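What follows is a short report on a single structure.
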Amino acid sequence: MDPKEDYRIQSFDPETQALLKTALKEPGSVNLEKVSNIIVDQSLKDQVFSKEAGRICYTIVQTEAKQSNGNVFRRCLLNRLQQEFMVREETRARSVQEWVCFVTFICNIFDYLKVNNRPMVALVHPVYDCLLRLAQPDALMSEEEVDCLVLQLHRIGDQLEKVNSPRMDELFFLLRDGFLLHKGLSSMAHLLLLEVLEFRAGGWRLSSTAHNYYYSELAD
């Protein structure tokens with residue numbers, strides 16, 4: 001496999017690695033529901049993989065469309081995402097880490113999988129619902145969740161705002177309230193929220209002064 005196409009699949013057993021490599025090259029020859037379940041399962045427990053998985057899914061979707069004009073993999077993946085989305089509160093109650101991995105994964109899929117170069121409509125509201133959940137007062141108490149929220153907004157905030165700006169306004173009302181009114185925020189969460197408020201105000205870009213300020217603070 002071309003080193004540029006290293007999809008971080010070394011963490012799987014050899015049999016699963018072989019299955020994923022085949023899915024990337026000849027998706028029509030494998031059980032794509034099984035492949036999508038393997039990718040989602042791994043994403044929920046492995047934070048590094050949850051950030052990379054969008055690329056694998058993108059390649060399988062593209063290859064399947066090219067080879068057979070099919071969209072079996074995309075359908076299986078969306079079904080599974082929907083199932084996980086329905087039980088997100090239970091997931092969060094059981095394991096914040098798994099919940100953060102789920103949000104990272106769904107945002108990653110939103111970022112990579114496009115239809116005619118536009119974000120998939122089916123994912124817009126679920127992604128917003130996840131980010132709005134991360135902006136609730138109880139989640140703002142958790143640095144892990146604030147960190148996840150800010151990372152996703154850096155990655156896809158601009159795209160999300162273009163497809164639905166009223167919901168982005170709703171999200172940022174919550175973040176501003178959290179920043180101003182929430183007494184229990186850690187100094188790190190405070191800094192991250194301030195940074196993301198400025199990031200959006202600057203048109204989803206940070207000025208170099210702001211960048212240096214935040215990143216020297218984060219490094220300390």
Side-chain angles (χ1 to χ4, degrees), residues 1-27 29-67 71-85 88 91-92 95-115 117-120 122-124 126-128 130-131 134 143-160 192 196 204 218:
M1 196 178 264
D2 175 343
K4 284 201 301 294
E5 295 189 346
D6 164 22
Y7 292 99
R8 307 254 175 156
I9 57 180
Q10 307 85 334
S11 45
F12 293 100
D13 61 74
E15 191 187 334
T16 307
Q17 284 190 41
L19 175 65
L20 291 174
K21 283 177 186 171
T22 309
L24 287 159
K25 293 200 175 80
E26 289 167 31
S29 66
V30 294
N31 176 341
L32 290 171
E33 185 177 4
K34 183 178 180 188
V35 171
S36 81
N37 284 331
I38 287 169
I39 292 171
V40 176
D41 289 342
Q42 186 67 15
S43 296
L44 292 179
K45 57 175 188 263
D46 176 345
Q47 217 153 358
V48 175
F49 187 75
S50 69
K51 294 179 182 137
E52 292 287 322
R55 234 157 35 95
I56 300 184
C57 295
Y58 170 79
T59 305
I60 298 174
V61 165
Q62 295 292 94
T63 311
E64 189 191 3
K66 220 179 297 169
Q67 289 177 0
N71 66 353
V72 175
F73 178 74
R74 193 173 72 199
R75 202 173 60 243
C76 292
L77 182 66
L78 288 176
N79 284 343
R80 179 65 200 276
L81 276 173
Q82 188 180 14
Q83 289 164 17
E84 294 298 333
F85 177 73
R88 62 193 182 283
T91 302
R92 183 178 178 273
S95 159
V96 167
Q97 192 188 344
E98 198 177 312
W99 151 242
V100 161
C101 284
F102 171 68
V103 178
T104 305
F105 179 63
I106 196 172
C107 290
N108 203 253
I109 296 298
F110 175 85
D111 192 23
Y112 274 100
L113 294 197
K114 301 282 191 270
V115 178
N117 288 326
R118 295 178 63 78
M120 288 172 72
L123 289 177
V124 175
V127 166
Y128 265 122
C130 288
L131 297 182
L134 289 171
E143 266 178 27
E144 204 177 346
E145 288 179 273
V146 175
D147 196 44
C148 173
L149 174 64
V150 170
L151 283 172
Q152 307 322 316
L153 286 168
H154 270 267
R155 183 163 195 160
I156 60 171
D158 195 10
Q159 297 177 58
L160 269 175
L192 286 166
V196 85
W204 301 104
L218 291 174

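Values in this document were obtained by computation on a predicted structure and should not be read as measured data. Only heavy atoms go into these numbers, but all of them, side chains included; no hydrogens, no water, no symmetry mates.
Rounded to the nearest 0.5 Å, atoms OG (S43) and CD1 (I106) are 11.5 Å apart. Distance check: F102 CZ to R92 CZ gives 14.0 Å after rounding to the nearest 0.5 Å. If you take OG1 on T91 and CZ on F85, they are separated by 11.5 Å, rounding to the nearest 0.5 Å. Once rounded to the nearest 0.5 Å, the distance linking OH of Y112 with SG of C107 reads 13.5 Å. Note that CG of L113 and CD of Q62 are 8.5 Å apart. Values are rounded to the nearest 0.5 Å. Here L153 contributes atom CG and L149 contributes atom CG; the two are 5.0 Å apart, rounded to the nearest 0.5 Å.
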**OP:** Show the numbers, then the answer: is there a side chain to side chain contact (heavy atoms under 4.5 Å, CB included) between L160 and L131?
**Re:** CA-CA 11 Å; L160 269 175; L131 297 182; 3.6 Å; yes
Original post:
Does the side chain to side chain contact (heavy atoms under 4.5 Å, CB included) test come out yes or no for V61 and L77, once each step is laid out?
Top reply: CA-CA 10 Å; V61 165; L77 182 66; 5.7 Å; no
**OP:** Before giving the answer on side chain to side chain contact (heavy atoms under 4.5 Å, CB included), spell out for C130 and W99 the whole-Å C-alpha distance, their side-chain angles and the decisive distance to 0.1 Å.
**Re:** CA-CA 9 Å; C130 288; W99 151 242; 4.2 Å; yes
**OP:** May I have the step-by-step check of side chain to side chain contact (heavy atoms under 4.5 Å, CB included) for I9 and I56, ending in yes or no?
**Re:** CA-CA 9 Å; I9 57 180; I56 300 184; 3.8 Å; yes
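Heavy atoms of other residues, nucleotides or ligands lying less than 6.0 angstrom from CD of E98 number more than 12. The number of heavy-atom neighbours closer than 6.0 Å to NZ of K34, taken from other residues, nucleotides and ligands shown, is 12 or below.
A salt bridge links E84 and R80; the closest N-O separation between the charged side-chain nitrogens and carboxylate oxygens is under 4.0 Å.
Checked by atom type and distance alone, the side chain of E64 pairs as donor or acceptor with a backbone atom of V72 at under 3.5 Å. No donor-acceptor pair under 3.5 Å is formed between the side chain of Y58 and the backbone N or O of I109.
Minimum heavy-atom separation, L192 to V150: O-CG2, 3.8 Å. Residues F105 and A53 share a closest heavy-atom pair of CE1-CB, 3.4 Å. Between L32 and F73 the shortest heavy-atom distance is O-CD1, 3.8 Å. Shown here for K45 and Q97, the closest heavy-atom pair between the two residues is O-NE2, 4.5 Å. The two residues L44 and C101 come nearest to each other via the heavy atoms O-CB, 3.6 Å. Between N108 and R55, the shortest heavy-atom distance links the atoms OD1-N, 4.2 Å.
By the side-chain hydrogen bond (donor to acceptor under 3.5 Å, both in side chains) test, S11 pairs with no residue at all, sequence neighbours left out.
Here the rule is side-chain contact (heavy atoms from CB on, under 4.5 Å) with L24, and of T63, L19, T59 only T59 fits it. Under the side chain to side chain donor-acceptor pair (under 3.5 Å) test applied with D111, the options Q152, K51, Q159 reduce to a single match, Q159.
Between F12 and F49, the ring planes lie perpendicular to each other; the angle is over 60°, past the 30° to 60° tilted range.
Residues L78 and L123 meet the side-chain proximity criterion, which asks for heavy atoms closer than 4.5 Å.
In this structure, a donor-acceptor pair under 3.5 Å is absent between the side chains of K25 and Q67.
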